[in-house]
> 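Can you read through this structure? Questions will come right after.
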2 protein chains.
Amino acid sequence: MNTRNSDRGAAPARGPAGGVVIELSAAIVTVTDVSPKILLVRPPELSPRPGLPYGPFDPTGHRTLEEGLRTWVEEQTALHLGYVEQLYTFGDRFRDPQERAGGPRPVSVGYLALVRQTALKDAGESSWGDWYRYFPWEDWRDGVPTINDQLIVPHLTKWAEGAKSKPDRSRRRERVNLAFALEGGSWDNERVLDRYELLYEAGLVFEATLDARLEVTADLTTIHTHTHTGAALTKDHRRILATAMGRLRAKIKYRPVIFELMAPTFTLFQLQRAVEALSGGRLHKQNFRRLVAQEGLVEPTGHISAQTGGRPAELFRFRPEVVHERPSPGVRVPVKVSKRAE
Amino acid sequence: MNTRNSDRGAAPARGPAGGVVIELSAAIVTVTDVSPKILLVRPPELSPRPGLPYGPFDPTGHRTLEEGLRTWVEEQTALHLGYVEQLYTFGDRFRDPQERAGGPRPVSVGYLALVRQTALKDAGESSWGDWYRYFPWEDWRDGVPTINDQLIVPHLTKWAEGAKSKPDRSRRRERVNLAFALEGGSWDNERVLDRYELLYEAGLVFEATLDARLEVTADLTTIHTHTHTGAALTKDHRRILATAMGRLRAKIKYRPVIFELMAPTFTLFQLQRAVEALSGGRLHKQNFRRLVAQEGLVEPTGHISAQTGGRPAELFRFRPEVVHERPSPGVRVPVKVSKRAE
DNA sequence: CGTATATATGCTCACTTTAAGTATAATTAT
DNA sequence: ATAATTATACTTAAAGTGAGCATATATACG
């Protein structure tokens, strides 16, 4: 694999100083067994942090934005992208610190891409990382992450109370309650971006303190490195990843995209593990099988799996016809949070 | 109001020939009584068709894309935008015919904006148009539109059978069935874009035949003007509007955005009419009130409305607290299609 | 004044869906 | 053998949904 960060090679789309340059960035996701993975590339010279792969948009060569994305991804990696979906276009000033040095304004069109678990090794400049390494507070499969109660919620509460005006305080408090399921609220696993932005604003993620330092208005008393609130990525790539996670978590509920990540045949438990990995919660096993069966999402192959300790399971395959039968076929399961050790 | 199409005035973001220029286009939506409205501007010199308002993105002046949009909209119109949401970034080659004449590649970041029904008259170069004028096949409030059965479905079926290869035919047939609820399928009011793209590919909308003519590969035997399949808009603006409609129809089901379009107080029937207008279907009145009540979306004001023939109705207001109580508060109503005269 | 008509609102009821659990089957590890 | 592990069938209580009936309060019009 030869994924390269396009800091070298963006020339075709680079405008004049004061101009605009369009990047196409990709959150390329896969799932191996119980772990959701994101493709990351080695950091460019300036930054010690890894980042999402991205490439330039070539207005003379690329017929569409998506074609542009597919082209450079498949050129630079051995990956064939299956499902591809545009996420959001990011254009905040200084999302790339380079801009401060007089570079052009980089506007990034973010994409979500799904690839099946491959035998690809981490090679060259790219590697697969568990996405909860960057979002530890999002993994509720083993109960509420300790970091939430012990670090994040206390800090966010303090941050909320630290606002200057009273309405500001109340607004901050409400945002924190809503995003982190305080005061009787329930955890919404799709609000990944909301939560990241709160942490950013409160200075609890490394990117925030770095950006603040560059603005020379930093309050350096509360620097938190990646050891506390997940590993950092370059520029605003963690924000893009948050957008991708939220979108994917939402999408599996009403479109059969989960099967873009599965092998051609699979056991129901493997399917459940994949959904749980992406959703960050646990599912009720018996209800899960009833659901996928009665939604017509899968059909039995007749074969049974190689045993993995316990009664052998039947192998299933995706039923593509479901798309024509139901209005919005997906794994519409209530992702329940398991109470842990308490 | 002084909305201007930015064909005049896009200079700040215009790159060199072969470069990229970023436009910010807005689907500005409101609802008056029973009619969903979209803000349109007078066509630029070249086109006889109206279009969405759009303006340039100024990389030196605008801090964020959304700020850029708000800035030029509020400069050029008297409108204060309330809810604003990024939709999609459109970058297909030749989405603007000007590009063929050697202009820069225009990439358009589309936004959905909601404004309350205002007393604003159609004035100057902009006007409010009922969005079903451009999508007559989407309005099922009085049963399935005649155009669907009498014109669209027969033509699309013929188009599907006209594909060269057998798998192509089958793919086309499936897309048509799914999008237009054929063969026992149910109408999904969110698939606005899917349907528009089918009509475009089949050459049933005016834009398609125009674009084809410009490519000089047109089959001009099947030109359909706006009288048959809705009025046309400039460039790809009908596609952008389709995206906005689909997104809005989806969003009202799980976010209380409908209240961005209502007056501060309203009767439940007015609220129902607004939802029906956007959704393009009818709702069961009694269940609708039960739903908005038990979801906690509204609260009574104690006042009653000025009568409009019939028993006076109580006035309600939005309950903003609902956002903190439920995971995804919205008007999650089954938009049923009323069977008409059959 | 009385009747038709229109809208508003409360309530019932059958049916479906959902969350959660019990029970049992078929395998591996020790 | 026995414990542990995974698979799968079935039950049940609670909640939600779709449809309709009944009644209340207004206007329009003879």
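What you are looking at is a predicted structure, and each value in this text was computed from that prediction instead of being measured. The sequence lines fix the lettering, A, B, ..., with proteins before strands; numbering per chain opens at 1.
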> Please give, in whole Å, the distance from D:dA7 P to A:H303 NE2?
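Those two atoms, NE2 and P, are 18 Å apart.
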
> Any base atoms under 4.0 Å from A:E314, or only sugar-phosphate, or nothing? Heavy atoms, all strands.
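A:E314: backbone/sugar contact only, no base atoms under 4.0 Å.
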
> Taking the minimum atom-to-atom distance to the side chain of A:H284, which one of C:dT12, C:dA20, D:dG20 wins?
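My answer, after comparing the listed nucleotides, is C:dA20.
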
> In this structure, are over 12 heavy atoms from other groups packed under 6.0 Å from A:E183 atom CD?
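At most 12 heavy atoms, drawn from other residues, nucleotides or ligands, come within 6.0 Å of this atom.
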
> Expressed in angstrom and rounded to an integer, what is the separation of B:I304 atom CD1 from C:dT7 atom P?
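About 17 Å, once rounded to whole Å.
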
> Under 3.5 Å, is there any donor-acceptor pair linking the side chain of B:R290 to the base of D:dG16?
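Per atom types, no contact qualifies.
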
> Pick the closest DNA chain D nucleotide for A:F269 and for B:Q294 by heavy atoms, then say which residue is nearer the 5' end.
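Upstream on the strand: A:F269.
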
> Could you check whether atom CD of B:E299 has more than 12 heavy atoms from other residues, nucleotides or ligands sitting under 6.0 Å from it?
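More than 12 within 6.0 Å, yes.
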
> Rounding to a whole Å, what distance do you find between A:E295:CD and C:dT18:C1'?
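Atom-to-atom, A:E295 to C:dT18, this comes out as 13 Å.
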
> Could you state the atom-to-atom distance from CD of B:Q272 to C1' of C:dT9 in whole Å?
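One finds 13 Å between C1' of C:dT9 and CD of B:Q272, rounded.
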
> Mind calculating the distance between CG (B:N287) and P (C:dC15) to the nearest angstrom?
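So the CG-P distance, B:N287 to C:dC15, works out to 16 Å.
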
> Between C:dG10 atom C1' and B:L268 atom CG, what is the distance in whole Å?
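Atom-to-atom, B:L268 to C:dG10, this comes out as 13 Å.
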
> With a 4.0 Å limit, can you tell me whether A:K285 has a side-chain N or O closer than that to the phosphate oxygens OP1/OP2 of D:dT6?
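So the side-chain polar atoms of A:K285 never come under 4.0 Å of the phosphate oxygens OP1 or OP2 of D:dT6.
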
> Please report the shortest heavy-atom distance between B:A113 and B:V84, naming the atom on each side.
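Where B:A113 meets B:V84 most closely, the heavy atoms are CB-CG2, 4.1 Å.
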
> By the definition salt bridge (Lys or Arg N to Asp or Glu O under 4.0 Å), identify the one residue from B:R249, B:K285, B:R141, B:R282 that meets it with B:E276.
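The salt bridge (Lys or Arg N to Asp or Glu O under 4.0 Å) with B:E276 is passed solely by B:R282 among B:R249, B:K285, B:R141, B:R282.
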
> Which nucleotide in the set C:dT22, C:dT7, D:dA7 lies at the smallest distance from any side-chain heavy atom of B:R311?
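Per side-chain heavy atoms of B:R311, the pick is C:dT7.
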
> Looking at the side chain of A:P312, which of C:dA26, C:dT9, D:dT8 is the nearest nucleotide?
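Nearest listed nucleotide: C:dA26.
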
> Within the 4.5 Å heavy-atom criterion, are A:R255 and A:S328 side-chain neighbours or not?
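Contact flag for A:R255/A:S328 side chains = yes.
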
> Measure the distance from CZ on A:R289 to C1' on C:dT24 and round it to the nearest whole Å.
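Roughly 13 Å, once rounded to whole Å.
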
> In whole angstrom, what separates A:L315's CG from D:dA7's C1'?
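One finds 13 Å between C1' of D:dA7 and CG of A:L315, rounded.
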
